[in-house]
There are 2 protein chains.
Amino acid sequence: MSKGAETRARMIETASRLFQAQGYAATGLNQILTESGTPRGSMYFHFPQGKAGLAAAVVEAHAAEFAAALEAVVAATPTTADAVEAAIGWLAGQIETTACRAGCPVTVVALEVANDDPDLRAATRRAYERWAAPLAERLRADGHPAPAAASLARGAVAALEGALVMCRAFGDAGPLRDVAATLRPLLTPPDR
Amino acid sequence: MSKGAETRARMIETASRLFQAQGYAATGLNQILTESGTPRGSMYFHFPQGKAGLAAAVVEAHAAEFAAALEAVVAATPTTADAVEAAIGWLAGQIETTACRAGCPVTVVALEVANDDPDLRAATRRAYERWAAPLAERLRADGHPAPAAASLARGAVAALEGALVMCRAFGDAGPLRDVAATLRPLLTPPDR
DNA sequence: TTCAAGGTAGACCGGTCATCATATTTTGTC
DNA sequence: GACAAAATATGATGACCGGTCTACCTTGAA
């Protein structure tokens with residue numbers, strides 16, 4: 001990785017963390033620069049679209065990272081229910097070790113910016129679709145017909161995202177565990 | 001209603017609408033005052049805690065309104081599944097008539113402010129609990145044991161909230177319908 | 001080593017932000 | 001009508017905002 005690419009990655013990582021903890025509009029570029037130890041001049045070099053461009057990169061990075069994690073647990077567990085539960089276990093760990101400051105930057109950007117930035121709306125949509133895809137595929141392999149599998153996968157992603165928000169309100173990972181219990185009977189194939 | 005109380009109510013209603021559409025930090029007090037046609041001096045009179053106090057009033061008002069709506073549909077429908085579906089139908093209508101600018105101000109405040117304001121965190125928690133309560137009660141009446149009913153009710157609320165965020169990203173009410181389909185088998189009593 | 005491209009440093013800009021303070025007006029009760 | 005409480009009007013404050021600009025430095029390939 002070149003020095004510039006490292007600078008860029010640090011900006012994205014710090015922005016993601018701050019967006020998760022406190023939202024998009026409340027996170028100023030000065031804070032991102034200070035906490036990442038990166039220079040202002042580089043911000044506009046790497047992200048010519050400015051703050052929105054940075055947000056797009058954050059959404060894309062998080063989408064890829066979480067999609068990879070879901071694909072990995074789907075490949076490593078016998079049922080969709082087990083995969084989702086593994087993902088939830090990981091998310092719960094994040095919530096607990098960060099005192100609820102960890103969440104989902106895609107949800108932050110969708111809520112705060114999507115109405116006024118069609119590109120960011122599309123980016124957040126792609127992120128959610130990307131997360132539903134491995135679950136839907138697995139559900140089809142479990143015997144669900146394709147439309148129902150896709151719908152159930154999206155429902156599961158919605159439940160996860162809602163649970164993350166509620167963990168913020170409750171101050172603990174309880175809601176994620178509620179969602180794990182809620183989804184289990186739906187994601188377990190009938191032969192189990 | 002006195003003139004002052006009307007001013008206060010207009011502030012809360014406008015703030016709620018703007019928080020839903022664009023988030024908390026991106027909504028400045030000037031915009032709230034301009035769009036509600038209310039005076040700046042009155043803001044600090046009615047809300048001595050300032051913007052946070054206004055947010056607390058928004059959360060409280062929305063919690064009460066949606067709890068009342070849930071209680072009404074629970075009382076008017078034969079099963080929990082029907083009640084949740086009626087609520088989802090209403091929410092979908094809001095999403096569609098506002099081009100996705102309607103959402104949930106409690107989720108906005110939880111995401112953006114709860115980490116730095118313990119009072120607002122507690123207020124958002126109470127709101128979610130208030131929404132889960134009528135569902136849990138109904139699920140108990142359907143035969144679910146109390147701990148499972150409470151957990152499933154919270155899971156359902158999480159799914160609803162996540163669906164609202166995803167509607168923002170998708171630009172339509174599709175995710176709410178996915179969640180309705182996802183929850184139906186879980187909320188339908190075994191004798192149906 | 002050279003040099004072009006990539007990347008950085010840092011000052012500056014006009015604008016917005018939430019809050020505060022105090023004088024004034026309005027409201028509501030007796 | 002009197003009067004106290006409620007509500008409003010309005011200007012001011014210091015902090016912060018994202019973006020721009022230009023000179024300069026660093027990197028990486030030939």
Side-chain angles (χ1 to χ4, degrees), chain A residues 1-19 21-59 105 108-109 112-117 119-120, chain B residues 1-19 21-59 105 108-109 112-120 123:
Chain A
M1 193 188 297
S2 68
K3 185 164 186 288
E6 193 185 306
T7 299
R8 186 178 186 276
R10 277 206 331 275
M11 285 173 170
I12 292 171
E13 184 274 325
T14 302
S16 182
R17 178 167 57 75
L18 291 172
F19 291 166
Q22 62 195 34
Y24 175 86
T27 300
L29 293 184
N30 282 342
Q31 190 179 6
I32 295 167
L33 298 173
T34 300
E35 298 200 18
S36 61
T38 55
R40 172 174 297 280
S42 297
M43 177 63 75
Y44 294 93
F45 176 77
H46 289 294
F47 304 104
Q49 310 282 341
K51 194 175 182 181
L54 175 61
V58 165
V59 168
V108 168
V109 171
E112 293 191 46
V113 198
N115 277 335
D116 298 315
D117 187 324
D119 291 339
L120 282 174
Chain B
M1 196 188 292
S2 68
K3 186 163 184 292
E6 195 185 303
T7 298
R8 186 178 188 277
R10 281 207 329 274
M11 285 173 171
I12 291 169
E13 186 273 324
T14 301
S16 181
R17 178 166 57 75
L18 291 172
F19 292 166
Q22 61 194 36
Y24 175 86
T27 299
L29 294 183
N30 282 342
Q31 189 179 5
I32 294 167
L33 298 174
T34 300
E35 298 201 18
S36 60
T38 55
R40 171 172 302 283
S42 297
M43 176 65 75
Y44 294 93
F45 176 77
H46 290 295
F47 306 103
Q49 310 282 341
K51 193 176 183 180
L54 175 62
V58 165
V59 169
V108 167
V109 171
E112 293 192 47
V113 199
N115 276 336
D116 297 314
D117 187 323
D119 290 338
L120 282 175

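Residue numbers start from 1 in every chain, and the chains themselves are labelled A, B, ... in the order their sequence lines are given, proteins ahead of strands.
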Do any N or O atoms of the protein come closer than 3.5 Å to N or O atoms of nucleotides 11-18 of chain D, and which pairs are they?
{"residue": "D:dG18", "atom": "OP1", "partner": "A:Thr27", "partner atom": "O", "Å": "3.4"}
{"residue": "D:dG18", "atom": "OP1", "partner": "A:Lys51", "partner atom": "NZ", "Å": "2.9"}
{"residue": "D:dG18", "atom": "OP2", "partner": "A:Leu29", "partner atom": "N", "Å": "2.8"}

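- Among the protein residues, B:Thr38 comes within range of no part of the nucleic acid, since none of its heavy atoms lies under 4.0 Å from any strand.
- Residue B:Glu112 holds its CD atom at 11.5 Å from CZ of A:Phe19, rounded to the nearest 0.5 Å.
- For A:Glu6 and C:dG6, the CD to P distance is 19 Å, given to the nearest whole Å.
- Between the P atom of D:dG19 and the CE atom of A:Met43 lies a distance of 9 Å, rounded to the nearest Å.
- Just one of A:Arg8, A:Arg10, A:Lys3 meets the salt bridge (Lys or Arg N to Asp or Glu O under 4.0 Å) condition when paired with A:Glu6; it is A:Arg10.
- Take the nearest nucleotide of DNA chain C for A:Ala5 and for B:Gly4: the residue whose nucleotide is more 5' is A:Ala5.
- Taking OG1 from B:Thr7 and NE2 from B:His46, the interatomic distance works out to 5.0 Å, rounded to the nearest 0.5 Å.
- For the OP1/OP2 pair of D:dT8 and a distance below 4.0 Å, the side-chain nitrogens and oxygens of B:His46 include at least one atom meeting the criterion.
- With values rounded to the nearest 0.5 angstrom, B:Gln22 atom CD is found 8.5 Å from A:Asn115 atom CG.
- Checking the phosphate oxygens (OP1, OP2) of C:dG6, no side-chain nitrogen or oxygen of A:Ser2 falls inside 4.0 Å.
- Within the structure, every side-chain polar atom (N or O) of B:Lys3 is placed at least 4.0 Å from both OP1 and OP2 of C:dG28.
- For the pair A:Phe47 CZ and C:dG6 P, the interatomic distance rounds to 16 Å; values are reported in whole Å.
- Across every non-hydrogen atom of B:Ala15 and B:Ile32, the tightest pair is CB-CD1, 3.9 Å.
- For the atom pair CG (B:Leu54) and CD (B:Gln49), the distance works out to 12.0 Å, reported to the nearest 0.5 Å.
- To the nearest angstrom, C1' of D:dG19 lies 14 Å from CE of A:Met11.
- Protein atom CG of B:Leu33 is 11 Å distant from nucleotide atom P of D:dT8, rounded to whole Å.
- When atom types are taken as modelled, the side chain of B:Ser16 and the backbone of B:Ile12 share no donor-acceptor pair closer than 3.5 angstrom.
- Here the side chain of B:Phe45 is nearest to one of C:dG7, D:dA9, D:dA7, namely D:dA7.
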